[in-house]
Amino acid sequence: MTAFLLKRSTQSLLVLFIMSLLVFSGVNLVGDPVEMLINPEADQEDVERVIRELGLDRPITEQYWFFLVNAFKGDLGTSFVFGEPALKLIIQRMPATLELAFFSLFISIIFALPLGIYAGLKPESKISKLIMAGSILGFSMPTFWVGIIFIMIFAVHLGWLPSTGRGEIGTFMGIHSSLFTLDGLSHIFLPALNLALFKLSSIVRLTRAGTREIIHQDYIKFARAKGLSENRVINTHLLKNILIPIVTVVGLEFGSLIAFSTVTETIFAWPGMGKLIIDSIYNLDRPVIVAYLMIIVFFFVFLNLIVDILYTILDPRVRIQGSK
Amino acid sequence: MDNILKIENLKTHFFTKNGILKAVDDISFNIKRGEIVGLVGESGSGKSITGFSIMGLIDAPGKIVSGNILFNNHPLLNYTPDQMRNLRGNKLAMIFQDPMMTLNPVLRIDTQMIETIKAHDKTISVRNAFEIARDTLGLVGISSPEERMKAYPHQFSGGMRQRVSIAIAMLNKPDLIIADEPTTALDVTIQGQVIYEMQELCKKTGTALLWITHDLAVVAGIASRICVMYAGRIVEQGSVKEIINNPMHPYTIGLIKSVPSQNKRGEPLHQIEGMVPSMLNLPDGCAFHDRCNQATNNCKNSKPLETNFSKTRVIRCFNFER
């Protein structure tokens with residue numbers, strides 16, 4: 001296990017390094033941040049001073065080296081716009097995004113598993129066909145449009161839920177989150193549902209496919225031949241087997257929930273990382289963009305590791321091999 | 001001696017889009033307490049479906065359309081699904097063909113055994129259930145059962161896995177075990193061991209056994225009576241001696257001639273002419289008539305009925321009514 005972790009960490013560092021190269025050079029190729037930052041009426045002297053201060057007069061290789069050295073010290077650069085460390089800005093916004101991602105993942109799993117299993121067990125029934133049709137709809141409707149429709153229906157017409165922002169923050173077991181207050185929950189519900197819809201649809205389809213495959217296996221028939229109750233057959237014998245592919249997908253989807261919640265966060269004015277990255281892209285705030293992308297890459301690498309470890313727990317046939 | 005299982009005119013049909021598939025069509029036989037009966041037939045002759053019909057595990061579009069299954073003199077077809085569930089794995093158990101597929105790959109052996117006990121005895125403690133399971137595992141010839149209980153199926157060989165399934169079937173001391181080709185997927189040497197052990201266990205515990213197989217040689221060694229199935233019907237049944245030494249139905253004669261050891265060295269193997277007919281498109285009259293060298297016009301036009309040839313012998317063929 002230790003050897004496995006060590007090997008994976010080395011691989012992860014390599015991935016992070018390559019990503020930093022791509023991201024850094026990519027971001028430095030577009031636009032001119034100085035033009036965005038400086039007062040248009042400033043004279044040439046002021047412009048040059050700002051360029052020097054931001055280190056933009058150096059060759060790009062030197063800038064990259066400078067970034068790399070600082071990154072190892074835990075400093076991913078200072079925001080051009082806010083004048084604060086990029087990492088600090090992102091970490092400030094992270095809880096909001098994480099709680100949104102967790103909550104929407106929670107919504108999708110809790111609904112998707114039962115619906116998917118039902119549709120897999122009774123593929124011919126009307127309800128199953130409805131579930132599958134619904135999942136195609138959930139797949140294909142654009143997130144931003146659904147978000148706007150949600151706001152129109154639930155916030156504007158019905159007035160049940162607030163349309164924007166994050167609610168009151170509560171504390172539970174030392175964790176600060178808006179999930180612990182009623183106000184917070186009412187705020188998070190719509191954006192989380194909006195974000196969950198796509199995941200829910202894909203997990204439903206995956207669960208159904210898994211159920212359809214596993215239910216015809218001999219070991220399910222044997223479980224029935226042992227006289228087990230239908231509940232036991234489904235909840236233990238079937239579920240444990242279909243969870244294996246689902247965990248892979250959910251693990252990676254969780255990464256994309258965090259990374260690409262941008263659209264939802266923008267529509268619902270959710271003060272998370274997604275909103276920050278959009279603002280930073282508008283302002284060509286290079287250090288924040290680079291830092292954000294690096295953190296997202298780190299998330300994906302980390303989630304992959306978690307998925308691999310979960311595999312070994314779910315499927316005894318998979319064993320981690322450290323020495324290779 | 002009384003019958004543990006009595007099947008009367010059982011018909012299990014599958015209602016597919018392409019028509020009605022009569023997988024089991026009017027079969028009758030019985031098994032006495034502690035007796036081993038072989039059910040022999042080619043693939044698709046309906047022998048497994050017979051087993052699943054008894055277990056009440058026929059999935060849609062299949063359905064038992066008529067007949068009677070008496071288990072311990074109780075009509076199983078009148079049982080509620082919950083009564084059937086309670087019977088399965090308890091007094092009526094089943095073993096499947098492929099040991100690689102019958103055990104759930106993600107659950108430990110002890111989980112899969114203990115749940116079988118707890119499904120039929122809610123009050124038993126996990127500790128007691130574990131002990132019963134461990135002892136049964138030892139009984140089927142698995143060494144150091146205590147440690148092996150903690151293993152996963154993939155850590156066993158095929159033969160060992162089949163022993164585990166046998167142990168699971170024996171857990172609740174059943175009156176009847178339906179063994180659906182339990183040795184087909186095993187090596188010949190392992191086959192011999194498993195057959196021998198099954199025979200001993202059944203003798204010891206007084207469990208009756210319905211041994212479903214396509215291998216006449218296997219069943220001749222273990223069973224006391226044989227039913228030969230062809231295209232959903234039992235064409236001939238009788239004691240092993242009668243069937244092996246004096247087969248009467250042309251199909252049985254062909255089957256026995258096809259066993260390789262019946263041939264002289266160097267001679268081509270005997271085979272039954274023609275192909276097994278499609279179950280969706282059975283010929284009129286006797287289903288075997290177009291492969292039968294003794295077929296008459298009568299065979300082509302009407303179905304032969306079962307004739308009691310002797311006390312133990314039943315045959316379904318026109319040519320033996322003479």
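Throughout, a chain's letter reflects where its sequence line sits, starting with A, and its residues are numbered from 1. Source: prediction; values computed, not measured.
With a 4.5 Å cut-off on non-hydrogen atoms, B:Asn104 touches chain A through its backbone and its side chain both. For B:Leu57, the parts sitting under 4.5 Å from any heavy atom of chain A are the backbone and the side chain alike. Contact annotation for A:Ile244: only side-chain heavy atoms (C-beta onward) come within less than 4.5 Å of a heavy atom of chain B. Using a 4.5 Å cut-off between heavy atoms, B:Gln97 makes no contact with chain A at all.
Between B:Phe96 and B:Phe52, the ring centre distance stays below 6.0 Å.
Nearest heavy atoms, A:Pro114 versus A:Ile109: CD-O, 4.1 Å. Contact detail for B:Ile54 and B:Met84: the closest heavy-atom pair is O-CE, 3.7 Å.
Cation-pi geometry between A:Lys199 and A:Phe254 is not met: the NZ or CZ atom fails to fall both under 6.0 Å from the ring centre and inside 45° of the normal.
Of the residues considered (B:Ile168, B:Asp82, B:Asn90), B:Ile168 shows the highest number of contacts with chain A, using heavy-atom pairs under 4.5 Å. Of the residues considered (B:Gly89, B:Ala169, B:Ala60, B:Pro153), B:Gly89 shows the highest number of contacts with chain A, using heavy-atom pairs under 4.5 Å. The candidate from B:Glu115, B:Lys118, B:Met101 with the greatest count of non-hydrogen atom pairs under 4.5 Å with chain A is B:Glu115. Highest contact tally toward chain A, considering only B:Ala93, B:Pro105, B:Gly56, is held by B:Pro105 [criterion: heavy-atom pairs under 4.5 Å].
Between A:Arg208 and A:Tyr118, every side-chain heavy-atom pair lies at or beyond the 4.5 Å cut-off.
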Inset, instruction - Could you go through the ring-ring contact (aromatic ring centres under 6.0 Å, His included) check for A:Phe150 and A:Phe189 one step at a time? - result: CA-CA 11 Å; A:Phe150 275 176; A:Phe189 189 74; 8.6 Å; no
